[in-house]
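Residue numbers start from 1 in every chain, and the chains themselves are labelled A, B, ... in the order their sequence lines are given, proteins ahead of strands.
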Amino acid sequence: MMQVLYFAWVRERIGVPREAVETEAATVADLVADLIAREDRYAAAFADLSALRVALDQELAEFDAPLAGVREVAFFPPMTGG
Amino acid sequence: MMQVLYFAWVRERIGVPREAVETEAATVADLVADLIAREDRYAAAFADLSALRVALDQELAEFDAPLAGVREVAFFPPMTGG
Amino acid sequence: MRIAVQAESFDLGAEANAFAAGVAGAGAVVTFTGVVRDLPEGGLQAMEIEHYPGMTQKAITAIAEEATQRWGLCDLLVIHRYGRLAPGEAIMMVATAAAHRAAAFEAAEFLMDYLKSRAPFWKKEITTAGGDWVAAKDADEAALDRW
Amino acid sequence: MRIAVQAESFDLGAEANAFAAGVAGAGAVVTFTGVVRDLPEGGLQAMEIEHYPGMTQKAITAIAEEATQRWGLCDLLVIHRYGRLAPGEAIMMVATAAAHRAAAFEAAEFLMDYLKSRAPFWKKEITTAGGDWVAAKDADEAALDRW
């Protein structure tokens, strides 16, 4: 079981801020494909990966990063702090 | 008659902060030569012109600038504000 | 080094004075304060700032430690708010203290460039027409190339 | 735009708050404060700052007007002290307010670079051994080339 978190418009499209996901995905990209296959709201949120960022256990990562040992995955648009 | 002002170590070497000077000098460099000829303390203050700056009527100027119409000449080392 | 991520407003003057008073040996103190600006066309009711609680403090600490080391800072402060802010309210501030001015300025700019694009905050502009997530600017991403 | 040349001390926090409160439409406020630092070898008793009263306000106003125009500033503040200051005391501050951070930072750095080398102030370090006029640094003169 993996905790998956969503922020900003990704959260709004998917409809929940976080959820526990059962997955066999080996990489972030695999997890995204897995989610997209489940429901349209995921397909809407993940339509353009170039507009998204991902963090693994609260560190920024790439979409081809492996998920082995990861407990928390977060998806969000580019940050707009400051 | 021209008001001549001195600041920082130029003032200390010459010994007064300002004085009225009667001069026929056409340029700043002429005025400096005129002063140097008067007393040693001026020679000591003006020994190295590259270490000095000059302002004419409170605007930075060059040593070859003409003095026609100028009422106030100030000599000082490079500024150290901020 | 103090890093505060908070919903509460803060007092720029009080923070700047406390920061400056706590620093020994600094010749230069720089502060930057970000303020909610109305939209060019007007009508901004509020700015909502969302963040990623588990990651925010960690990400800012990493940026702050890099700045401290790289510019040999005497001290550093980051305050960043989240939640709903009105136009004119301060969103965040950074302060840097260093022996000389170049280091204090550069470190503050570095911190700002990284907070803009690498700290997990997202801004939403609220108007009578609804809410709009602020899009990241290419220029903000490009600003990181300086460092 | 406020420019103050004064012997009296000033309160960084109060000045920063008053400045920020008086600005409309700014998204970014930068302050720089210069503080009297002890000598590397210690022993500084005071810093004496001499200035050229007739020229100081005029020179700073010219620099400030150029900064305001060049970076489209919303507002700008310069305070510079003269007289005898103790280590740890604030010598001067500048504050800039602009729509965006790059303009506020750049204008503040420009002001500092020009105040260092073009405003008629001279610093003398007082120790038990006597007084030493601070020499202008080549790096400060070179800093003007950026602009």
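Checked against D:R81 for a salt bridge (charged side-chain N to carboxylate O under 4.0 Å, His left out), the options D:E8, D:E89, D:E48 give a single hit: D:E89.
Taking each heavy atom of D:E106 and D:W147 in turn, the nearest pair found is O-CH2, 3.6 Å. Listed here is the closest heavy atom pair of D:A98 and D:A104: CB-N, 3.8 Å.
With a 4.5 angstrom heavy-atom cutoff, D:K116 touches chain B via backbone and side-chain atoms both. Heavy atoms of D:K123 lying under 4.5 Å from chain B belong to its backbone as well as its side chain. For a residue to count as touching a neighbouring chain, one of its non-hydrogen atoms must lie under 4.5 Å from one of that chain's; by this rule D:R118 touches chain B with backbone and side chain alike. Heavy atoms closer than 4.5 Å to chain B are found nowhere in D:A59, neither backbone nor side chain.
Residue D:D145 places its CG atom among more than 12 non-hydrogen atoms of other residues, nucleotides or ligands, all under 6.0 Å distant.
In terms of non-hydrogen atom pairs under 4.5 Å with chain D, the most contact-rich of B:A55, B:A8, B:P78 is B:A8. Note: D:G54 leads D:G54, D:P120, D:G34 in heavy-atom pairs under 4.5 Å with chain B. Contact count against chain B (heavy-atom pairs under 4.5 Å) is highest for D:W122 among D:W122, D:Y82, D:Y114.
Between D:H80 and D:F121, the two ring planes are parallel [angle under 30°; tilted spans 30° to 60°].
A salt bridge between D:E15 and D:R2 is present, with a side-chain N of the basic residue lying under 4.0 Å from a carboxylate O of the acidic one.
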